[in-house]
Amino acid sequence: MKAYRLFEWKQPARLVDIPVPEPEAGQVRLKVAGNGICASDLHLMHEWDKSPSHIKVELPMTIGHEVGGWVDKLGQGVSGFETGQPVIVTIAGCGHCRYCAMGMNQYCLNKGKQVGMGLDGGIAEYVNAPVGAVVPVSDIHPADAAPFTDAGLSSYHAVKRVAPLLTGGTTVAVIGVGGLGHLAVQELKAITPAKVIAYDLNDASLELAKESGADVCLKSADENIEKMSVEAVLDFVGAGATIAQAAKMIRPLGHIVAVGRGPGIFEFKHNAMPYGAMISTTFGGTKAELMELIGLAEAGYIKPHITKFGIDEVDKAYQLLAQGKIQGRGVIIP
Ligand SMILES: [Zn+2]
Ligand SMILES: [Zn+2]
């Protein structure tokens with residue numbers, strides 16, 4: 001089968017032919033329908049010269065952590081899924097630490113290897129996933145549902161964190177309307193009554209923000225940032241400028257979620273933000289939130305903007321992603 005594999009750190013990944021993998025005990029083999037491409041794949045392929053301690057990647061490894069497909073074969077001890085069933089893959093936790101017990105599987109203290117981050121990923125014709133990470137979908141094609149597992153879920157987890165602040169008459173800012181940001185706009189409109197202001201530098205992204213339901217779309221520029229004007233900010237960029245803009249916009253008791261992993265630095269001190277305002281980091285989302293999100297999508301509230309590429313176009317797709325030229329999410333179809 002075809003698979004897009006990384007053989008050496010800081011060397012380009014290559015599309016190669018490898019045997020179809022057998023599912024191990026506790027795993028489900030999927031026939032891949034589609035795999036979304038993510039900026040964190042670019043970090044993995046181009047920036048790191050060894051695996052960071054938190055994810056334990058050994059090479060060679062197939063790239064791709066945003067997978068949708070059909071159940072193809074069950075490993076030993078796995079039940080509850082049927083061959084041909086459409087599913088997507090999320091982050092598996094150990095199931096027994098305090099975070100897993102709270103349902104916060106993505107913050108698991110014993111988080112082992114994940115699909116596309118330690119285990120072979122989904123830019124391939126088949127992929128094995130731990131059964132605890134497999135989530136059924138019904139009314140959405142699994143290639144179209146793939147972006148929900150990361151772009152959708154990471155944004156939804158941030159939206160849910162600030163949603164209690166976003167009652168009637170409030171305002172929320174979304175900075176950066178890419179793969180995650182355009183879904184955040186839709187998620188905010190689906191579950192809160194807040195006015196949504198979207199910021200981006202790029203006209204096409206602001207157009208996507210408008211299509212996604214943003215009430216106001218503005219260029220990210222200091223003159224468009226009103227002091228103490230919003231109850232929450234979701235920053236999908238994480239640059240120095242965007243964090244400074246977020247800190248300027250936030251109201252007392254407001255909440256900034258720094259989702260994007262840009263290199264920006266925030267100097268935390270008294271008077272850096274109004275009283276009671278807070279800023280937090282975030283990672284992924286819970287399995288229950290992914291199920292909620294799929295429910296919202298199946299009810300028609302959320303529709304990812306997807307650009308599809310064949311697996312033979314995978315190098316080109318990552319180049320376009322690196323250049324910021326993919327609107328919404330790119331998905332590789334094997
Ligand atoms: Zn990702
Ligand atoms: Zn755990």
Side-chain angles (χ1 to χ4, degrees), residues 4 6 13 26 32 34-48 51-52 54-57 61-68 88-123 127 129-133 135 143 145-158 176 178-184 234-238 257-262 281-290 293 304-307 309 314 317-318 320-322 324 326 328-332:
Y4 191 59
L6 187 64
V32 177
N35 185 101
I37 59 173
C38 179
S40 48
D41 300 328
L42 295 173
H43 299 307
L44 176 72
M45 291 189 282
H46 302 299
E47 276 173 31
W48 299 344
S51 177
H54 69 288
I55 57 169
K56 301 177 208 152
V57 175
M61 184 195 81
T62 304
I63 303 290
H65 58 272
E66 232 184 52
V67 192
I88 53 178
V89 177
T90 189
I91 301 162
C94 71
H96 51 78
C97 75
R98 195 176 179 94
Y99 292 91
C100 285
M102 290 190 292
M104 293 280 184
N105 48 281
Q106 81 276 30
Y107 299 124
C108 174
L109 294 174
N110 309 310
K111 196 165 58 213
K113 296 176 173 185
Q114 306 292 324
V115 171
M117 290 285 171
L119 299 173
D120 282 333
I123 304 185
V127 66
V131 64
V135 174
F148 288 126
T149 62
D150 182 8
L153 184 57
S154 301
S155 55
Y156 191 60
H157 184 62
L180 280 74
H182 87 288
L183 290 170
L234 305 180
D235 178 3
F236 291 99
V237 182
V257 185
V259 190
R261 305 205 176 182
T281 60
T282 185
F283 176 73
T286 73
K287 197 170 172 180
E289 285 168 342
L290 182 57
L293 183 59
H305 183 96
I306 290 176
T307 307
F309 299 88
V314 58
Y318 276 113
L320 291 172
L321 177 67
I326 296 181
R329 202 62 156 178
V331 173
I332 307 293

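Just so it is clear, the model here is predicted, and its values are computed rather than measured. Just so you know, ligand 1 is whichever comes first in the structure, and atom 1 is the first atom listed for that ligand.
- Computed with the Zn ion (ligand 2) at the centre, the C97 SG to C100 SG angle is 110°, stated to 10 degrees.
- Taking the N/O/S atoms of H65 in turn, the shortest distance to the Zn ion (ligand 1) belongs to NE2.
- The shortest distance between side-chain heavy atoms of L183 and R329 does not fall below 4.5 Å.
- Here the side chains of Y4 and I37 are not in contact, with every heavy-atom distance at 4.5 Å or above.
- Side-chain contact check for V57 versus W48: every heavy-atom pair is 4.5 Å or farther apart.
- At least one N, O or S atom of D150, from either the backbone or the side chain, sits less than 2.8 Å from the Zn ion (ligand 1).
- Taking the six-membered ring where the residue is Trp, F283 and Y107 present tilted rings, their angle falling between 30° and 60°.
- Look at C94 and the Zn ion (ligand 2): an N/O/S atom of the residue is under 2.8 Å from the metal.
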